[in-house]
Amino acid sequence: MPTILSTFGFLLLLLLISHDGGFFTGAADAEHNLRATDFHTHRHRRHRGHRRRGEEFEYSAVSCRAYSASLDEFGAVGDGVTSNTAAFRDAVSQLSRFADYGGSLLFVPAGRWLTGSFNLTSHFTLFLHRDAVLLASQEESDYEVIEPLPSYGRGRDTDGGRFISLLFGSNLTDVVITGENGTIDGQGEPWWGKFKRGELKYTRPYLIEIMHSDGIQISNLTFLNSPSWHIHPVYSSNIVIQGLTILAPVTVPNTDGINPDSCTNTRIEDCYIVSGDDCIAVKSGWDQYGINYGMPTKQLLIRRLTCISPDSAVIALGSEMSGGIEDVRAEDIVAIDSESGIRIKTAIGRGGYVKDVYVRGMTMKTMKYVFWMTGSYGSHPDEHYDPNALPVIQNINYQDMVAENVTMPAQLAGISGDQFTGICISNVTITLSKKPKKVLWNCTDVSGYTSGVTPQPCQLLPEKEPGTVVPCNFPETPIPIEEVKLQRCYSRRRNM
């Protein structure tokens, strides 16, 4: 099968766009766009989203595609040894021709597909078979060095640029990365060692980074062992991330699970994350660079998340929050053996704000802290930060939580002369470990109230209307991404 369509063949396909045959098979036309369906909840249910009818397979996505091709049609070899970087790049390039004609899907069949970095395209779906494994190259030469993010001013690991991510895209519309719980393995161990030994000139690559884009779906996949962060949407909007398993050694730092960064209208749900760093870290730029760029993260929904992170947070807000973080809603969260439930991290010089945060329905077991806020998180990109740039932390709401085996319920430290205000904690029951801290609630430079909380909180968070549980204020109007439904799509493949 040729890997490049002739001009005549391509024009013929466009003339026959309503038919299914030809090099690119499969369709998701009007007959296939059945009723919109919500996707499924936790990972043991995820496979229900993919059913087969002979050579046809079915999946859930925001957008269906008119054409599809299989990776092996572009000369790829799934032996775990042969580099397939050229095949992935060729496939995406060829399929990009269909962006204006119903979009396209690249099917990755069963196999172990070694690859370096490749770029995605608009109106495109990357679909992994359940036995497909994308193996990230461990060679630095397979990753282009790109400029630092403008809201950071430098790389996170080093002063210079950064290695491009394994899957990368910029200025895209309508991108879907999904599958039947196929795997993307970052093979990060050599990168971790080089970073620890100070041998890297550039910041380590992520597994996925999509920037300046609109309409992103990442679902029904397993991610392993990223060199650094696993999933990083940045400067983007209208994002659905669901049904993911993300696994990294709990002893390796910076292996964050999902980091929405200066993004608007994002939904993260039904994910299971084990990490050596924050399971989810919400960001918006670093010190003066983030202040100047001025793009907040807002309208973020996180629900049905399970996290294990012994040395970090289940959900962290910051510390890079200089562009602002607002309207964050989290519910139905399970935390196991983690350092903290919700952590707000900031510092003098950050500027920006974290406000209108609403968390409820959280169950925690074996925790160092339940609540943690710090105004002295430290590191700066350079010496040019403004020491007068103080962050605003206000309207932070925690409700309906149960925690067991906790060392310290709360460590809440604002900034002198810059209080963290409007804190509400309601209907929270915390059971202590066998050896708890002597001071259970350590509070400085914070204000707000509590209601129905045990053990008794600090004096800076007094009981409101003793004897009555007064709920925190939670918004009733859903954010727009909550209303987005997934379609049931169909495609055909030749290699079963």
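Along the sequence shown, residues are numbered consecutively beginning with 1.
Side-chain atoms of T121 do not come within 3.5 Å of backbone N or O of V92 as any donor-acceptor pair.
Side-chain atoms of H212 and N171 form no donor-acceptor pair, as typed in the model, at a separation below 3.5 Å. For N442 and Q411, the side-chain atoms include at least one donor-acceptor pair closer than 3.5 Å. Between the side chains of S219 and T178, a donor-acceptor pair is found at a separation under 3.5 Å. S237 and D214 are linked by a side-chain donor-acceptor pair at a separation below 3.5 angstrom, with hydrogens and angles left out of the test. Under the 3.5 Å distance criterion, with hydrogens and angles disregarded, a donor-acceptor pair is assigned to the side chains of N395 and D356. Side-chain polar atoms of Y353 and E326 form a donor-acceptor pair below 3.5 angstrom. For the 3.5 Å distance criterion, the side chains of S137 and D142 qualify, holding a donor opposite an acceptor.
Using a 4.0 Å cut-off between a side-chain N of Lys or Arg and a carboxylate O of Asp or Glu, E140 and K194 qualify as a salt bridge. R304 and E269 are joined by a salt bridge, as a carboxylate oxygen and a charged side-chain nitrogen come within less than 4.0 angstrom of each other. Remark: R154 does not engage E147 in a salt bridge, criterion side-chain N to carboxylate O under 4.0 Å.
For the pair R204 and W191, the NZ or CZ position fails the cation-pi test of under 6.0 Å to the six-membered ring centre and within 45 degrees of the ring normal. A cation-pi arrangement is found for R156 relative to W286, the charged atom lying closer than 6.0 Å to the ring centre and inside a 45° cone about the ring normal.
Here the CG atom belonging to L135 is positioned 11.0 Å from the OG atom belonging to S83, to the nearest 0.5 angstrom. Rounding to the nearest 0.5 Å gives a distance of 10.0 Å between CG of L317 and OG of S284. Taken from CG in N405 to OG1 in T366, the straight-line distance is 4.0 Å, to the nearest 0.5 Å. For the atom pair CZ of F127 and CG of N220, the computed distance is 8.0 Å after rounding to the nearest 0.5 Å. Here the CD atom belonging to Q399 is positioned 6.5 Å from the SG atom belonging to C424, to the nearest 0.5 angstrom. To the nearest 0.5 angstrom, S226 atom OG is 9.0 Å from D256 atom CG.
T264 places none of its side-chain heavy atoms less than 4.5 Å from the side chain of T297. With a 4.5 Å cut-off on side-chain heavy atoms, I146 and Y202 do not count as touching. The shortest distance between side-chain heavy atoms of H230 and Y206 does not fall below 4.5 Å. Side chains of E209 and R162 form a contact here, defined as non-hydrogen atoms less than 4.5 Å apart. Looking only at side-chain heavy atoms (C-beta outward), F223 and L244 come within less than 4.5 Å of each other. A heavy-atom distance below 4.5 Å is found between the side chains of F163 and V145. I348 has its side chain within reach of L390: a pair of non-hydrogen atoms, C-beta onward, lies under 4.5 Å apart. Two residues are said to be in side-chain contact when any heavy atoms from C-beta on lie closer than 4.5 Å; V402 and K365 fail this criterion.
For D327 against I479, the heavy-atom pair with the smallest separation is OD2-CG2, 3.7 Å. The shortest heavy-atom contact between A403 and V406 is CB-CG2, 3.7 Å. Nearest heavy-atom pair, S122 versus T173, reported as atom, atom and distance to 0.1 Å: OG-N, 3.0 Å. Across all their heavy atoms, N259 and I280 have their closest contact at OD1-C, 4.4 Å. Nearest approach of D278 to A316, heavy atoms of both residues: OD2-CB, 3.4 Å. Shortest non-hydrogen contact noted between M364 and G341 is SD-CA, 4.1 Å.
Of the listed residues (T183, N181, D185), just one forms a side chain to side chain donor-acceptor pair (under 3.5 Å) with T222, and that residue is N181. Tested against R329 for a side chain to side chain contact (heavy atoms under 4.5 Å, CB included), the candidates R303, E482, R360 yield a single pass: E482. Only one option out of I268, I273, V334 pairs with L305 in a side chain to side chain contact (heavy atoms under 4.5 Å, CB included); it is I273. Partner of E320 under the salt bridge (charged side-chain N to carboxylate O under 4.0 Å, His left out) criterion, out of R350, K283, K345: K283 alone.
Between F371 and Y398, the ring-plane angle classifies as parallel under the 30° and 60° cut-offs. By the 30° and 60° cut-offs, the orientation of the rings of W229 relative to H232 is perpendicular.
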For S322 and Y293: C-alpha separation, side-chain torsions, deciding distance, then whether side chain to side chain donor-acceptor pair (under 3.5 Å) applies. CA-CA 9 Å; S322 302; Y293 199 77; over 6 Å; no

Hey, mind stepping through V133 and L224 against side-chain contact (heavy atoms from CB on, under 4.5 Å) and telling me if it holds? CA-CA 10 Å; V133 181; L224 306 175; over 6 Å; no

Verdict with reasoning, V108 to L134, per side-chain contact (heavy atoms from CB on, under 4.5 Å): CA-CA 9 Å; V108 181; L134 262 62; 3.9 Å; yes

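Not less than 6.0 angstrom separates the ring centroid of Y289 from the ring centroid of Y152.
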